[in-house]
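Worksheet: the structure to be examined is printed underneath.
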Amino acid sequence: MLKNSKTLLLGLLSAIFFSAFIYLDHFGFNYKVLNSLLALLAFFMFLYIPKRAVLVAGFFVGLFWFYWIGYSFKYNGVGYLEPFITLAFGVIYMLFFAPLALSQKAYIRAIMLFGLSFFAPMDFNWLILELPLVDSYFSLQKYSFVLLLLAMSLLIDIKDKKLKPLALIPIILAININEPKQLDAPLNIKLIQTDISQDQKWQQENFAKILGEVLHKIDEAVEDGYDVVVFPESALPLFLNEQKILQNRLKELSFHISIVIGSLYKEDGLNYNVTYAFEDGEEFVAKKMVLVPFGEYIPLPSFLKKPVNDYFFAGASDFKTALTPSDITIKGVKFRSAICYEASRDEIYKDNPEFVLAISNNAWFSPSIEPTLQKLLISFFARKYNSTVYHSANYKGTGVIK
């Protein structure tokens, strides 16, 4: 009994150390020293805890990071699945970390952890093993992760106490000394944050109010002298390209201010989640390239896709994608377009764009830590690729992310 309690406690502590930076940031506590120490403790624990404790740690990491994913199912009429989805993510990440339980040797676990950092279950990449370093003193590059795993391995493997300080050398080498400066776009950008609940957003009777607020925010931005106003994903909850009167109204307003806004787009019978940009009476459409697994597409064999989509998602996961990233040029400045999940994917940062315009609808997961985790992930990619991200979100998450 005592042994089982110790296993549970060590696994739980490992998960807490690995996840604490998210919750600290969520509640406004962001200290590089503390984040650095917690990251080192988390890596150390994963290398040395007993084999069974690894499974416990993986399960709780899945819960601490992704308990909120099941929230969205109630909007598809299958809210009863929420606790099962939460438990499923616990099991998925228990299995994700399970290879570490095959060995008790620290250096073998270090190699396994490094290997796992290249793997994303179901193509969902939101558990990045280096993410605890995002607001620490350490670099976010892979070499830093390797050096820190090496240091944690050496702490115990070096038997001679006089030589143990050698483990500090990799830690020192992993410190981020010459982080490049991310630039600010040479435009006065107004980022709009809305707070429309998901169950109200798509109700037809609410559209007049939503549209009125959008037009009001555009007028305010014009009066305040902004160059561009950016609205969240699906800020206009309809197929905008089928609403010619509204399109023409936005084109007229774009002679006064550039407008970036999320909506839907229908083409050849296919549905797209897109960003619309209006400037000087012209319209540009940036289609989403990377869809959310089990949200906008079903990552299953073809014979399972339709029944799963129809039963669990009410046929909603049927969006199509662009083949390449889209760029939007606003007043001569080029921005890479990213819609929600895309802003946390390597594909969008191809060619190291200086500036990214990201739009999100986080109301699917209200209330939860999801906007905080999303912000940390976007910050990870922004720093990795030396980009500045201008993010407009519904619910929470709006801001300039570096």
Side-chain angles (χ1 to χ4, degrees), residues 182-197 200-201 206-238 240-241 243-265 273-286 288 326-340 342-343 353-363 371 374-375 378 382 387-402:
Q182 293 145 291
L183 303 176
D184 292 320
L187 295 174
N188 197 7
I189 301 173
K190 176 68 173 179
L191 299 172
I192 302 296
Q193 177 163 300
T194 55
D195 192 8
I196 305 170
S197 63
Q200 296 296 314
K201 190 174 186 65
N206 295 326
F207 179 71
K209 181 180 178 181
I210 291 171
L211 176 59
E213 188 65 20
V214 166
L215 296 176
H216 175 66
K217 292 292 185 185
I218 293 173
D219 288 339
E220 278 189 339
V222 172
E223 290 176 8
D224 293 339
Y226 285 95
D227 298 310
V228 56
V229 58
V230 184
F231 288 89
E233 177 187 12
S234 63
L236 292 174
L238 43 64
L240 182 54
N241 64 313
Q243 306 294 323
K244 297 304 178 185
I245 295 175
L246 179 52
Q247 277 185 297
N248 290 333
R249 177 63 176 144
L250 293 171
K251 288 177 181 179
E252 290 172 7
L253 290 170
S254 73
F255 285 104
H256 305 286
I257 188 171
S258 298
I259 302 166
V260 176
I261 192 164
S263 190
L264 300 179
Y265 183 86
N273 188 0
V274 306
T275 298
Y276 288 83
F278 298 89
E279 182 172 279
D280 295 330
E282 299 294 328
E283 174 188 292
F284 178 80
V285 175
K288 192 171 187 179
S326 298
D327 290 327
I328 298 173
T329 300
I330 300 173
K331 299 190 184 307
V333 181
K334 187 165 71 172
F335 294 83
R336 179 63 48 81
S337 173
I339 301 176
C340 200
E342 287 187 313
E354 271 189 322
F355 309 117
V356 176
L357 273 180
I359 61 174
S360 297
N361 176 23
N362 292 326
Q374 181 195 44
K375 182 195 73 173
I378 293 174
S387 301
T388 300
V389 181
Y390 293 86
H391 185 215
S392 174
N394 181 41
Y395 173 48
K396 288 182 181 179
T398 296
V400 181
I401 303 175
K402 294 183 177 182

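Here the structure is a predicted model, which means the values were calculated and not measured.
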Quick one, [X] and [Y] - any side-chain contact, counting heavy atoms below 4.5 Å?
{"X": "D219", "Y": "H256", "result": "no"}
{"X": "T194", "Y": "E213", "result": "no"}
{"X": "L236", "Y": "V214", "result": "yes"}

On a heavy-atom basis, which atom in [X] and which in [Y] lie closest, and how many Å separate them?
{"X": "Y395", "Y": "N362", "answer": "CD2-O, 3.4 Å"}
{"X": "A286", "Y": "S337", "answer": "CB-OG, 3.5 Å"}
{"X": "F278", "Y": "Q247", "answer": "CE2-O, 4.1 Å"}
{"X": "I359", "Y": "P232", "answer": "CB-C, 3.8 Å"}
{"X": "Q182", "Y": "A382", "answer": "NE2-O, 3.3 Å"}
{"X": "V229", "Y": "A221", "answer": "CB-CB, 4.0 Å"}

Task: L357 vs T275, side chain to side chain contact (heavy atoms under 4.5 Å, CB included): CA-CA, chis, key distance, verdict - done: CA-CA 9 Å; L357 273 180; T275 298; over 6 Å; no
Can you tell me how far apart [atom1] ([X]) and [atom2] ([Y]) are? Round to the nearest 0.5 Å.
{"X": "I189", "Y": "D227", "atom1": "CD1", "atom2": "CG", "result": "8.0 Å"}
{"X": "S234", "Y": "I210", "atom1": "OG", "atom2": "CD1", "result": "9.0 Å"}
{"X": "N361", "Y": "I339", "atom1": "CG", "atom2": "CD1", "result": "11.5 Å"}
{"X": "L187", "Y": "I330", "atom1": "CG", "atom2": "CD1", "result": "7.0 Å"}
{"X": "H391", "Y": "I378", "atom1": "NE2", "atom2": "CD1", "result": "4.5 Å"}
{"X": "L264", "Y": "Y276", "atom1": "CG", "atom2": "OH", "result": "7.5 Å"}

- [ ] Evaluate whether atom NZ of K331 has more than 12 neighbouring non-hydrogen atoms of other residues, nucleotides or ligands under 6.0 angstrom away.
- [x]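 Counting neighbours around NZ of K331, more than 12 heavy atoms of other residues, nucleotides or ligands fall under 6.0 Å, so yes.
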Would a distance-only check, ignoring hydrogens and angles, find a side-chain to backbone donor-acceptor pair under 3.5 Å from [X] to [Y]?
{"X": "Q200", "Y": "N206", "value": "no"}
{"X": "S387", "Y": "P353", "value": "yes"}
{"X": "Q193", "Y": "T398", "value": "yes"}
{"X": "T388", "Y": "L183", "value": "yes"}
{"X": "S254", "Y": "G281", "value": "yes"}

Open item on the list: side chain to side chain contact (heavy atoms under 4.5 Å, CB included) for L238 and F207? Distances and angles first, verdict last.
Closed with: CA-CA 9 Å; L238 43 64; F207 179 71; 3.2 Å; yes
Task: Partner of E233 under side chain to side chain contact (heavy atoms under 4.5 Å, CB included), chosen from I261, N273, N394 - done: N273
Task: L191, I192, V228 screened by side chain to side chain contact (heavy atoms under 4.5 Å, CB included) with V260, the one that passes - done: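 By the side chain to side chain contact (heavy atoms under 4.5 Å, CB included) criterion, V260 pairs with just one of L191, I192, V228: V228.
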TODO: Answer yes if the side chains of S360 and Q374 hold a donor-acceptor pair under 3.5 Å, and no otherwise.
DONE: yes
- [ ] Quick one: list whatever passes ring pair (Phe, Tyr, Trp, His ring centres under 6.0 Å) with F355, sequence neighbours left out.
- [x]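 Here the qualifying residues are F335.
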TODO: Please lay out, stage by stage, how L250 and I218 fare under the test side chain to side chain contact (heavy atoms under 4.5 Å, CB included).
DONE: CA-CA 9 Å; L250 293 171; I218 293 173; 4.0 Å; yes
